[in-house]
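Down below is the structure, laid out as structure tokens.
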Amino acid sequence: MKNTFFIILSLFLLVSCEKEIDLDLADQSGNIVIEGNITDQPGPYIVRITKSVAFTQNNQYPAVTDAQVIVSDNTGQTETLQYVGDGKYQTTAFTGAAGRIYTLKVQAEGKQYTAQSTMPEAVPFDGLKQDSFVFGGETTYTLLPIFTDPATLGNRYLFSFTINNKPKRTIEVFSDNVNNGLVNQRPLFLPNDDEDGNSHKVVVGDTIHVEMQSIDHTIFTYYSALLQIIGGGGPGGGVTPSNPPSNINNGALGYFSAHTLSKRSAVIE
């Protein structure tokens with residue numbers, strides 16, 4: 001199975017999903033794929049537009065180079081993005097801030113696609129706490145993201161991490177359905193097996209770079225479905241050829257996410 005991300009699914013991920021999500025795993029080759037992110041950190045922000053490919057093709061997605069891409073928010077801010085290559089369209093002066101509603105409009109190949117995402121309030125990412133356990137003679141390391149969930153129900157989080165300087169990114173999503181208003185108790189499980197060549201066995205001295213995002217409900221649903229596809233043996237390793245429920249209309253694949261962003265790193269001891 002071709003993987004865009006190496007995914008670790010814990011029992012906590014299973015309880016974080018709110019309901020079963022029906023997934024359409026049809027071959028979506030040739031569809032527009034839009035991946036856009038706006039954060040509360042300084043830009044520029046990127047919207048990448050490509051075309052999906054068939055199951056049997058390599059994960060090399062053709063770039064869409066002549067689209068019109070506009071982002072705006074509910075305060076009146078708007079900007080037309082500039083094409084910078086590799087299917088990427090980039091802002092120059094646009095700013096992201098928590099609490100705002102962001103809109104994406106894309107005109108490409110004779111069709112218009114729109115999406116909205118609300119950036120949640122930031123939740124402080126206070127640090128990382130290391131732990132480990134031994135099973136079958138192998139040591140598995142964990143990192144506990146330290147943060148306190150707000151009292152209001154409905155917060156959603158995406159955590160991702162990379163190891164040392166490797167580009168491969170692992171993702172997990174959390175909801176507060178089972179720990180609303182409490183200090184987080186759900187760890188990130190670090191790889192302890194490199195037999196398939198797709199992962200890196202974490203050892204003492206490795207540096208783990210962790211990102212915490214506060215995401216809205218539609219993005220939580222998207223990534224929950226994506227994790228089901230990959231973790232459940234589905235054919236996709238990214239937004240194509242499987243199609244988790246997108247918040248972009250008119251048949252586009254992908255997502256548009258306005259989220260807060262915090263980063264922490266830890267060296268395994």
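Along the sequence shown, residues carry numbers from 1.
If you take CG on Leu104 and OG1 on Thr114, they are separated by 8.0 Å, rounding to the nearest 0.5 Å. In this structure, OH on Tyr89 lies 5.0 Å from CD1 on Ile49, to the nearest 0.5 angstrom. The structure places CD1 of Ile101 at 10.0 Å from CG of Asp216, a figure rounded to the nearest 0.5 Å. In this structure, the separation between CD on Glu121 and OG on Ser214 is 9.0 Å, given to the nearest 0.5 Å.
Qualifying salt bridge (charged side-chain N to carboxylate O under 4.0 Å, His left out) partners for Arg100, counting only residues two or more places apart in sequence or in other chains: Asp73.
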Asp40/Thr260 under side chain to side chain donor-acceptor pair (under 3.5 Å): CA gap, chis, key distance, verdict: CA-CA 5 Å; Asp40 61 342; Thr260 65; 4.8 Å; no
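Not one N or O on the side chain of Asp131 forms a donor-acceptor pair closer than 3.5 Å with the backbone of Tyr141. Side-chain atoms of Tyr83 come within 3.5 Å of backbone atoms of Gly87 as a donor-acceptor pair (strictly under, hydrogens ignored). A donor-acceptor contact shorter than 3.5 Å is absent between the side chain of Gln107 and the backbone of Ala67. No donor-acceptor pair under 3.5 Å is formed between the side chain of Asp206 and the backbone N or O of Ile268. Checking side-chain atoms of Tyr102 against main-chain N and O of Asn37 turns up no donor-acceptor pair under 3.5 Å. Gln130 places a side-chain N or O within donor-acceptor distance of the main-chain N or O of Glu269, the cut-off being under 3.5 Å. Using modelled atom types, no side-chain atom of Glu35 and backbone atom of Phe256 make a donor-acceptor pair closer than 3.5 Å. Distance alone, capped at 3.5 Å, places no donor-acceptor pair between the Asn179 side chain and the Asn184 backbone. In this structure, the side chain of Gln41 engages the main chain of Leu261 through a donor-acceptor pair within 3.5 Å.
Between the side chains of Ser160 and Arg169, at least one donor N or O sits under 3.5 Å from an acceptor N or O. Side-chain contact of Asn31 with Ser52: a donor-acceptor pair under 3.5 Å is absent, judged by distance alone. For the residue pair Ser265 / His209, a side-chain donor-acceptor distance below 3.5 Å is found, with atom types taken as modelled. Using modelled atom types and a 3.5 Å distance limit, the side chains of Glu79 and Thr92 yield a donor-acceptor pair. Side-chain N/O atoms of Thr95 and Gln77 include a donor and acceptor closer than 3.5 Å.
Aromatic rings from Phe174 and Phe220 are positioned such that their centres are separated by 6.0 Å or more. Between Phe125 and Phe147, the distance separating the two ring centers is not shorter than 6.0 angstrom.
Using cut-offs of 30° and 60° for the angle between ring planes, the Phe94 and Tyr45 rings count as perpendicular.
Classification of Lys201 and Glu138 as a salt-bridged pair holds, one side-chain N sitting under 4.0 Å from a carboxylate O. Under the 4.0 Å criterion applied to side-chain N and carboxylate O atoms, Glu109 and Lys51 are assigned as salt-bridge partners. Between Asp176 and Arg156, at least one side-chain nitrogen of the basic residue sits less than 4.0 Å from a carboxylate oxygen of the acidic one, meeting the salt-bridge criterion. Between Arg48 and Asp86, at least one side-chain N (NZ, or NE/NH1/NH2) sits under 4.0 Å from a carboxylate O, which counts as a salt bridge.
A pairwise comparison of heavy atoms in Tyr157 and Pro150 identifies OH-CD, 3.3 Å as the closest pair.
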